[in-house]
Amino acid sequence: MSKVAVVYWSGTGNTQMMADAVAEGAKAGGADVSVFNVSDFSADKVDEFDGLAWGCPAMGSEELEESEFEPVFSACESKLAGKKVVLFGSYDWGDGEWMRLWADRCKDAGITLTAEPYICNLTPDDGAKEDCADLGRALA
């Protein structure tokens with residue numbers, strides 16, 4: 001059984017709903033799943049997991065949340081190569097540039113994403129939640 005961590009930051013609850021759906025998908029795929037608000041996760045936990053789902057909404061001018069999420073992701077980044085990794089998040093404006101930049105950053109760091117990153121505009125509907133569950137199943 002694979003061990004999966006779903007690590008997220010959410011300001012409005014939209015990305016948290018996505019994280020919950022990712023976790024449900026991973027559980028349905030047979031994984032042992034732990035869900036963490038990013039403030040409860042650190043680089044020393046990465047080695048405990050076979051797969052990690054990272055969720056962060058677009059902030060500012062389409063960037064990752066800077067005060068909590070970015071420092072934790074940066075600290076974990078060098079430990080993610082060779083792991084199953086997926087990215088997800090919600091946005092209200094823009095065209096998803098933050099996610100493209102984040103995916104490129106992962107590629108540049110030697111991180112191979114297990115599935116295409118997933119973005120959702122505002123509150124995830126049932127279709128978006130199912131797409132998030134598919135991300136979770138990709139990690140299981």
Side-chain angles (χ1 to χ4, degrees):
M1 174 181 292
S2 65
K3 288 188 69 176
V4 170
V6 179
V7 184
Y8 73 93
W9 184 91
S10 187
T12 63
N14 293 337
T15 302
Q16 182 177 2
M17 283 189 273
M18 295 173 78
D20 291 341
V22 171
E24 288 304 314
K27 287 176 189 173
D32 177 17
V33 181
S34 299
V35 179
F36 299 92
N37 183 297
V38 74
S39 62
D40 298 322
F41 197 79
S42 62
D44 61 333
K45 292 183 180 183
V46 171
D47 292 337
E48 298 173 25
F49 298 96
D50 305 302
L52 295 101
W54 294 90
C56 186
M59 300 295 291
S61 59
E62 290 213 62
E63 54 203 17
L64 297 175
E65 193 280 327
E66 295 178 311
S67 65
E68 291 183 69
F69 190 87
E70 175 62 40
V72 173
F73 186 78
S74 289
C76 295
E77 201 167 356
S78 66
K79 299 178 112 187
L80 297 176
K83 302 271 186 188
K84 291 182 176 182
V85 176
V86 297
L87 308 177
F88 65 94
S90 60
Y91 68 101
D92 183 11
W93 62 90
D95 69 353
E97 179 183 26
W98 103 101
M99 187 60 74
R100 291 189 300 276
L101 293 172
W102 190 11
D104 288 346
R105 173 181 170 180
C106 288
K107 181 181 175 185
D108 292 345
I111 301 164
T112 301
L113 298 179
T114 304
E116 286 295 314
Y118 185 75
I119 61 174
C120 172
N121 184 248
L122 298 171
T123 304
D125 60 15
D126 288 343
K129 289 177 186 175
E130 185 56 37
D131 290 340
C132 289
D134 288 343
L135 280 182
R137 284 188 280 278
L139 290 176

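Along the sequence shown, residues are numbered consecutively beginning with 1.
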Practice problem: For E70 and R105, run salt bridge (charged side-chain N to carboxylate O under 4.0 Å, His left out): C-alpha distance rounded to whole Å, both residues' side-chain angles, the deciding distance at 0.1 Å, then the answer. | Solution: CA-CA 12 Å; E70 175 62 40; R105 173 181 170 180; 2.9 Å; yes
Quiz item: What's the verdict on side chain to side chain contact (heavy atoms under 4.5 Å, CB included) for M59 and L64, showing C-alpha distance, side-chain angles and the deciding distance?
Solution: CA-CA 6 Å; M59 300 295 291; L64 297 175; over 6 Å; no
Self-check item: side chain to side chain contact (heavy atoms under 4.5 Å, CB included) between F88 and C120, worked out
Solution: CA-CA 8 Å; F88 65 94; C120 172; over 6 Å; no
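Y91 and M17 fall into different hydrophobic clusters, where Ile, Leu, Val, Met, Phe, Trp and Tyr are joined by side-chain heavy atoms under 4.5 Å apart, directly or via other members. Two different hydrophobic clusters hold V46 and V6 under the rule that ILVMFWY side chains link at heavy-atom gaps under 4.5 Å. Tracing side-chain contacts under 4.5 Å through hydrophobic residues (I, L, V, M, F, W, Y), one never reaches F49 starting from V86; they form parts of separate clusters. The hydrophobic cluster containing V85 does not contain V33, counting ILVMFWY residues as joined when their side-chain heavy atoms lie under 4.5 angstrom apart, directly or transitively. No continuous path of hydrophobic side-chain contacts links L135 to L87 [ILVMFWY only; heavy atoms under 4.5 Å].
Closest non-hydrogen pair, G60 versus W93, comes out as O-CZ2, 3.1 Å. Shortest non-hydrogen contact noted between A75 and A43 is O-CB, 3.5 Å. Nearest approach of A81 to G110, heavy atoms of both residues: CB-O, 3.5 Å. Closest heavy-atom contact between G51 and L139: CA-CD2, 4.3 Å. Minimum interatomic distance between C76 and S42 (heavy atoms only, all atoms of both residues): SG-C, 4.0 Å.
Checking side-chain atoms of K45 against main-chain N and O of D40 turns up a donor-acceptor pair under 3.5 Å. E24 contributes no side-chain N or O that, together with a main-chain N or O of A133, makes up a donor-acceptor pair within less than 3.5 Å. Panel note: side chain E65, backbone S67; a donor-acceptor pair is recorded below 3.5 Å. One N or O on the side chain of W98 and one on the backbone of C56 form a donor-acceptor pair closer than 3.5 Å. Between the D50 side chain and the K3 main chain, a donor and an acceptor come within less than 3.5 Å of each other. Here the side chain of T15 pairs no donor or acceptor atom with the backbone of S10 at under 3.5 angstrom. Between the K84 side chain and the L52 main chain, no donor and acceptor come within less than 3.5 Å of each other.
Checked against the 6.0 Å centroid criterion, the rings of F36 and W9 do not qualify as a close aromatic pair. The aromatic ring centroids of Y8 and W54 lie 6.0 Å or more from each other.
Taken from CG in N121 to OG in S90, the straight-line distance is 8.5 Å, to the nearest 0.5 Å. Note that CE of M99 is 10.5 Å distant from OH of Y118, once rounded to the nearest 0.5 Å. For the atom pair CD1 of I119 and CE of M18, the computed distance is 8.5 Å after rounding to the nearest 0.5 Å. Here CH2 of W102 is found 3.5 Å from CZ of F69. Values are rounded to the nearest 0.5 Å.
When the shell of 6.0 Å around CD of E66 is examined, it contains 12 or fewer heavy atoms from other residues, nucleotides or ligands. Within 6.0 Å of atom CD in E130, more than 12 heavy atoms from other residues, nucleotides or ligands are found, so the atom counts as buried in its surroundings. The local environment of CG in D126 is sparse, with at most 12 non-hydrogen atoms from other residues, nucleotides or ligands closer than 6.0 Å.
The side-chain heavy atoms of S2 and D32, taken from C-beta on, include no pair separated by under 4.5 Å.
By the 4.0 Å N-to-carboxylate-O rule, R137 lies close enough to D134 to be salt-bridged with it. Look at K107 and E77 and you find no salt bridge, because none of the NZ, NE, NH1 or NH2 atoms lies under 4.0 Å from a carboxylate O. Using a 4.0 Å cut-off between a side-chain N of Lys or Arg and a carboxylate O of Asp or Glu, R100 and E97 do not qualify as a salt bridge.
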